[in-house]
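One structure is given below, encoded as structure tokens.
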Amino acid sequence: SLRVEAFFSPFSAPFFARSLSQQLAQFSGARSKPSVVRSWLTGVTMPLFGTSLGDAEQSFFEELLDAVADVNDIPKLIFVLKRTAKVGLLFEGVRLHAGDLLDADEEESADISVYEEAGAMANFYTEELQDLFAKEFPDLQDEDFILHRGVNTCLFACPPLGLYTHGFEIETVELVVRFYISKLFQCWDNGAKCTQVQAKFFKRYKKAWEEKRSKFMRFKVIGSTNDEE
């Protein structure tokens, strides 16, 4: 558990206390661009939401994911940050472009903003986390949904999909993570490719997903409590 906290130390509270644009600038400037880039970082800000994502926010995720041909090619959501008037998201993976995700009216309104090429990494952050989880928590390898509660931090994980999403406000992070994973079920249901392990995962929860959508997930809690969500 302590090693998990230490792993996140570059992204500690003082870092997130700044505006998202400053955060992305610091993250990008903190590391020189690697000679071989495997993962590009993209920042997104959107309006605060309540108990569900609004139409504009749902439309953004539809543009992001609906054309995905392989579940393993999705942009990985690695951070969710709630600010005073906005929610900030940080993705890793292929380059994302505002013009592909927002229409002209959405770009002009600036309700949702996309920060292209916010950083570049030689290795995938999610892959490093997956390796860390396998070493530190081998008894959790059979768990499909995990919530790690840290000191003023949280981490939602779905190992079969390679998703590891970090943040501070559990309610905000959980809402986005649940919606995101539910969208991946829809991608698979629409014919997106995946590994055999992932296919078994999707089939295992298909009925529950069809009945409850994002509400079907139960997270195994580790860290400050061992209760299940």
Side-chain angles (χ1 to χ4, degrees), residues 1-28 30 39 41-54 57-58 60-61 64-65 74-93 96 112-115 118-119 121 124-130 132-133 137 143 145-159 161-184 214-215 217-225 229:
S1 177
L2 291 176
R3 288 187 61 186
V4 172
E5 293 297 332
F7 190 85
F8 291 128
S9 60
F11 311 100
S12 57
F15 178 80
F16 286 112
R18 302 172 178 84
S19 68
L20 182 66
S21 59
Q22 289 175 311
Q23 293 165 23
L24 297 175
Q26 176 174 328
F27 187 90
S28 179
S39 174
L41 299 176
T42 305
V44 176
T45 58
M46 55 181 55
L48 289 176
F49 36 77
T51 57
S52 63
L53 275 67
E57 292 74 50
Q58 293 189 36
F60 167 82
F61 279 104
L64 181 71
L65 298 174
I74 62 168
K76 298 291 180 66
L77 177 62
I78 58 177
F79 291 105
V80 177
L81 305 99
K82 181 179 179 181
R83 306 305 306 151
T84 303
K86 293 280 188 177
V87 172
L89 312 177
L90 189 62
F91 295 90
E92 75 162 356
L96 299 178
I112 297 178
S113 299
V114 177
Y115 298 79
M121 302 174 70
F124 282 94
Y125 178 73
T126 46
E127 288 182 358
E128 294 179 1
L129 267 181
Q130 196 157 25
L132 179 62
F133 254 73
F137 306 106
E143 296 289 342
F145 305 104
I146 303 168
L147 164 58
H148 177 272
R149 294 179 184 268
V151 179
N152 300 320
T153 64
C154 63
L155 172 70
F156 285 85
C158 180
L161 298 181
L163 294 179
Y164 297 85
T165 306
H166 180 57
F168 292 104
E169 299 82 13
I170 289 181
E171 294 80 7
T172 301
V173 181
E174 181 174 356
L175 181 63
V176 179
V177 168
R178 284 181 177 275
F179 183 85
Y180 195 72
I181 293 176
S182 181
K183 288 296 296 181
L184 295 183
S214 65
K215 295 181 180 180
M217 289 164 251
R218 290 177 59 84
F219 289 90
K220 174 70 176 180
V221 179
I222 60 175
S224 63
T225 177
E229 290 282 290

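Keep in mind the model is a prediction, meaning the values are calculated, not measured. Counting from 1, the numbers follow the sequence of the chain as shown.
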| request: Indicate the ring-plane relationship of Phe156 and Phe219, choosing parallel, tilted or perpendicular according to the 30° and 60° boundaries. | output: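 Plane angle over 60°, so perpendicular.
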| said: Once you measure the plane-to-plane angle for Phe137 and His148, does it fall in the parallel (<30°), tilted (30-60°) or perpendicular (>60°) bin? | reply: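 Taking His148 first and then Phe137, their aromatic rings sit tilted (interplane angle of 30° to 60°).
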Could you tell me whether the side chain of [Y] reaches within less than 4.5 Å of the side chain of [X], counting heavy atoms only?
| X | Y | result |
| --- | --- | --- |
| Glu143 | Pro159 | no |
| Leu175 | Val80 | no |
| Leu163 | Val177 | no |
| Thr172 | Phe49 | yes |
| Ile78 | Leu129 | no |
| Leu161 | Ile181 | yes |
| Phe60 | Leu53 | no |

| task | Looking only at non-hydrogen atoms, find the nearest pair between Ile112 and Pro47 and report the distance. | result |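 Looking at all heavy atoms of both residues, the closest pair is CG1-CD, 4.1 Å.
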| query | side-chain hydrogen bond (donor to acceptor under 3.5 Å, both in side chains) with Glu127: which residues, sequence neighbours excluded? | reply |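 With neighbours one apart ignored, the set is Arg38.
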| message | With a 3.5 Å distance limit and no angle check, can you tell me whether Glu92 reaches the backbone of Phe124 through a side-chain donor-acceptor pair? | response |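 No, Glu92 side chain to Phe124 backbone: no donor-acceptor pair under 3.5 Å.
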| message | Please check if the number of heavy atoms outside Lys82 that lie under 6.0 Å from its NZ is greater than 12. | response |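 No, because the 6.0 Å sphere around NZ of Lys82 holds 12 heavy atoms or fewer from other groups.
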| Between Phe79 and Tyr125, ring centroids under 6.0 Å |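 Here the rings of Tyr125 and Phe79 have centres that are less than 6.0 Å from each other.
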